[in-house]
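For reference, the structure discussed in these notes is given below.
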Protein chains: 2
Amino acid sequence: MISDKTVARLSVYRRVLLDMQDAGQAHVFSHELAARSGCTAAQVRRDVMATGYTGSPVRGYDVTALAGSISEFLFHSEAQKVALVGIGNLGRALMAFSPRRNPRIPLVAAFDNDPAKVNRVIHGCRCYPVQQLEEVVESEGIRVGILAVPSAAAQDTARRLCRAGVVGLLNFAPTHVWVPPHVYIENLDLSMALEKVAFFAGLRAPQKEISL
Amino acid sequence: MISDKTVARLSVYRRVLLDMQDAGQAHVFSHELAARSGCTAAQVRRDVMATGYTGSPVRGYDVTALAGSISEFLFHSEAQKVALVGIGNLGRALMAFSPRRNPRIPLVAAFDNDPAKVNRVIHGCRCYPVQQLEEVVESEGIRVGILAVPSAAAQDTARRLCRAGVVGLLNFAPTHVWVPPHVYIENLDLSMALEKVAFFAGLRAPQKEISL
DNA sequence: TTCACGCTGTGATTCGTTTCACAAAGACTA
DNA sequence: TAGTCTTTGTGAAACGAATCACAGCGTGAA
Ligand SMILES: NC(=O)c1ccc[n+]([C@@H]2O[C@H](COP(=O)([O-])OP(=O)(O)OC[C@H]3O[C@@H](n4cnc5c(N)ncnc54)[C@H](O)[C@@H]3O)[C@@H](O)[C@H]2O)c1
Ligand SMILES: NC(=O)c1ccc[n+]([C@@H]2O[C@H](COP(=O)([O-])OP(=O)(O)OC[C@H]3O[C@@H](n4cnc5c(N)ncnc54)[C@H](O)[C@@H]3O)[C@@H](O)[C@H]2O)c1
């Protein structure tokens, strides 16, 4: 019913609105929010419709009220606890970033199969041996998982997470991961994204410089 | 003419095909490639059309030949050199990953405004003070940039990169960045992706466990 | 009080992508 | 040789999302 892409844009609008709130701005028009979010005014209005909030044709949207409405829409349920699997280069960067993130989506546990990396606390997040995955996910009621393990381990890790009750996955491994139909999975394939950028960069500057 | 999404999927097919090649598989059918790539057989056939390669109705596609055709299609131009700006947590993870990546898209320079992080070589990549950005990008002929700086610095960094000749950008900062129309930009907003996953996870398991 | 203005909310439309469905073709069988 | 089987390549149809376009409305000006 509600589209993937609308949810993504609402998340962007929310961040922009919070920035505006910090800057003391009280009202905003759809075209202004659109410009700051990289989309069109019509799209903003359509997306805002989904949250049920209604603006005023004269003042536009109330910044605080709209931010609140989007927050309520996006984070309606109780806080969604997150588990990270794979405390490697990428996993550690994600952990370092997590305190700056949305407190409604807290990172509460991390797992690794390397004994040297576990049984400590990094940026407020407990690190466990991967053997305890099911136990911790179940006891903490974790519903969201982040896969930052090598490709070869991704499918099996996903299977374990889903069995333990995870229903949303963010996958950084550059491989397709099968999950049960009730689980939502989002793939963030950085290599693929870079290849895409390189491809279009090649199209846009195809001729060598006249370099003589 | 060629769609964004087709390029993305071709990149995935290519990786799957290289894995098959390593495993000694000589031929593959569209439905098989589709299953391993997370899409449909019809989509595979459509996408393959774009590269100009033609399979056999009996044997399917020749793994090596198709991988080659996709590679040629995606990486037709000379190697696309890449510059990274922002040697923080995320930047360092990307540098650590780069040797494992496509050699047609080499990471050749990194920049930071923190003097403590520059004037050394990390994973084979030279780190420069950000003041030398224009000079290095121009002299090396770099056409692709990765933004791993804080949001506040993203727009200005993008502007400098584009002025220096970059025509493709990969942006990790959670902010909208304006670029000239001839520049291709791809945003990888990890926070947004996680909020999306959390949202759909909340929808799929909305009720608290009957936990008594 | 009337009018003009600019913006929101939304039905209708357009656009791009995915999926369907089938003709064409090689290989194997008898 | 004729027939069957499986898969490709691709027009055509279906689908979903973005965009258009405008009615409706509150405001401020005259
Ligand atoms: N680092 C990057 O910038 C980057 C970029 C693109 C994609 N990726 C992908 O992200 C994933 C992680 O990348 P990375 O650079 O952090 O790799 P890494 O090798 O630094 O870290 C992987 C971690 O996973 C752990 N691990 C391995 N098998 C495991 C298992 N079965 N269970 C639990 N933990 C296990 C390892 O001990 C290690 O700590 C990889 O799939 C990689 O392809 C990373
Ligand atoms: N770390 C993550 O997992 C993560 C996740 C999501 C998004 N991001 C985004 O990626 C970006 C980088 O994240 P990070 O965790 O690496 O942050 P970080 O603070 O660890 O690193 C930022 C780096 O950029 C450098 N820098 C700051 N201003 C600069 C400038 N004007 N020119 C050049 N260099 C400059 C800093 O010296 C620092 O080394 C941020 O925008 C962040 O929001 C990071």
Side-chain angles (χ1 to χ4, degrees), chain A residues 1-13 16-17 20 25-67 69-70 73 176 184 186-187 192 196 199-200, chain B residues 1-13 16-17 20 25-67 69-70 73 176 184 186-187 192 196 199-200:
Chain A
M1 199 228 128
I2 174 83
S3 127
D4 190 53
K5 316 205 173 175
T6 294
V7 173
R9 282 191 302 266
L10 284 172
S11 161
V12 174
Y13 304 153
V16 172
L17 288 164
M20 288 174 168
Q25 184 173 348
H27 298 278
V28 64
F29 293 123
S30 61
H31 61 85
E32 209 181 337
L33 191 47
R36 300 257 312 240
S37 309
C39 59
T40 70
Q43 216 161 27
V44 167
R45 297 202 296 274
R46 269 261 184 264
D47 293 336
V48 167
M49 272 179 68
T51 72
Y53 180 80
T54 274
S56 135
V58 177
R59 308 213 167 285
Y61 303 103
D62 180 290
V63 169
T64 305
L66 180 54
S69 178
I70 295 178
F73 179 82
H176 175 246
Y184 181 88
E186 171 89 7
N187 295 290
M192 192 213 71
K196 211 160 77 169
F199 173 81
F200 286 107
Chain B
M1 198 227 126
I2 173 84
S3 126
D4 187 54
K5 315 202 172 178
T6 295
V7 173
R9 282 191 300 266
L10 284 171
S11 162
V12 173
Y13 304 154
V16 172
L17 288 164
M20 288 174 168
Q25 184 174 347
H27 297 277
V28 64
F29 294 122
S30 60
H31 61 85
E32 208 180 339
L33 191 45
R36 300 256 314 241
S37 308
C39 59
T40 69
Q43 217 161 27
V44 167
R45 296 202 297 273
R46 269 263 181 260
D47 293 335
V48 167
M49 269 180 69
T51 72
Y53 180 82
T54 273
S56 134
V58 176
R59 308 211 168 283
Y61 303 103
D62 179 290
V63 169
T64 305
L66 180 55
S69 177
I70 295 178
F73 180 82
H176 175 244
Y184 181 88
E186 172 90 6
N187 295 290
M192 193 213 72
K196 211 160 78 169
F199 173 81
F200 286 108

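The chains referred to below are lettered A, B, ... by the order of the sequence lines, with proteins before strands, and numbering in each begins at 1. Scope of the values below: all heavy atoms of this structure, side chains included, with no hydrogens, waters or symmetry mates.
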Which heavy atom of A:V7 sits nearest to which heavy atom of A:I2, and what is that distance? CG2-CG1, 3.9 Å

Ignoring hydrogens, what is the shortest heavy-atom contact between B:V28 and B:L17? Give both atom names and the distance. CG1-CD2, 4.0 Å

Under 3.5 Å, is there an N or O donor on one side and an acceptor on the other linking the side chain of B:R46 and the base of C:dT18? no

Would you grab the first and last nucleotide of DNA chain D (5' to 3') that comes under 4.0 Å of any non-hydrogen atom in chain B? D:dT7 to D:dA12

Which residues pass the side-chain hydrogen bond (donor to acceptor under 3.5 Å, both in side chains) test with B:T64, not counting sequence neighbours? B:Q21

Test side-chain hydrogen bond (donor to acceptor under 3.5 Å, both in side chains) applied to A:N187 - qualifying residues, sequence neighbours left out: A:N171

Students often mix this up, so state it plainly: with edges at 30° and 60°, are the rings of A:Y184 and B:F200 parallel, tilted or perpendicular? parallel

Going by the rule side-chain contact (heavy atoms from CB on, under 4.5 Å), which residues pair with A:H27 if we only count those two or more places apart in sequence or in a different chain? A:R59, A:D62

Only counting residues at least two apart or in another chain, list the ones meeting side-chain contact (heavy atoms from CB on, under 4.5 Å) with A:A26. none

Nearest whole Å is fine: how far is C:dC15 P from A:Q43 CD? 16 Å

Nucleotide by nucleotide, nucleotides 3-9 of chain C touches protein heavy atoms under 4.0 Å in the pattern (B base, S sugar-phosphate only, - none) ----BBB

So if I take the C1' atoms of five pairs at each end of the helix from C:dT1-D:dA30 to C:dA30-D:dT1 and get each local axis, what angle do the two axes make, rounded to 10 degrees? 10°

According to salt bridge (Lys or Arg N to Asp or Glu O under 4.0 Å), does anything in residues 2-12 of chain B pair up with another residue at least two apart or in another chain? List the pairs. A:K196-B:D4, B:R9-B:D47

Check against side-chain contact (heavy atoms from CB on, under 4.5 Å), A:V12 and B:M192: CA-CA 7 Å; A:V12 174; B:M192 193 213 72; 4.0 Å; yes

By ring pair (Phe, Tyr, Trp, His ring centres under 6.0 Å), A:F199 pairs with (sequence neighbours left out) B:F73, B:H76

Run the side-chain donor-acceptor check on residues 30-44 of chain B: report pairs under 3.5 Å with partners two or more places apart or on a different chain.
residue	atom	partner	partner atom	Å
B:S30	OG	B:R45	NH1	3.4
B:E32	OE1	B:F29	N	3.4
B:E32	OE2	B:Q25	NE2	2.9
B:S37	OG	B:L33	O	2.7
B:T40	OG1	B:Q43	N	3.2

Going by number, which of residues 5-13 of chain A have a non-hydrogen atom under 4.0 Å from DNA chain D? A:K5, A:R9

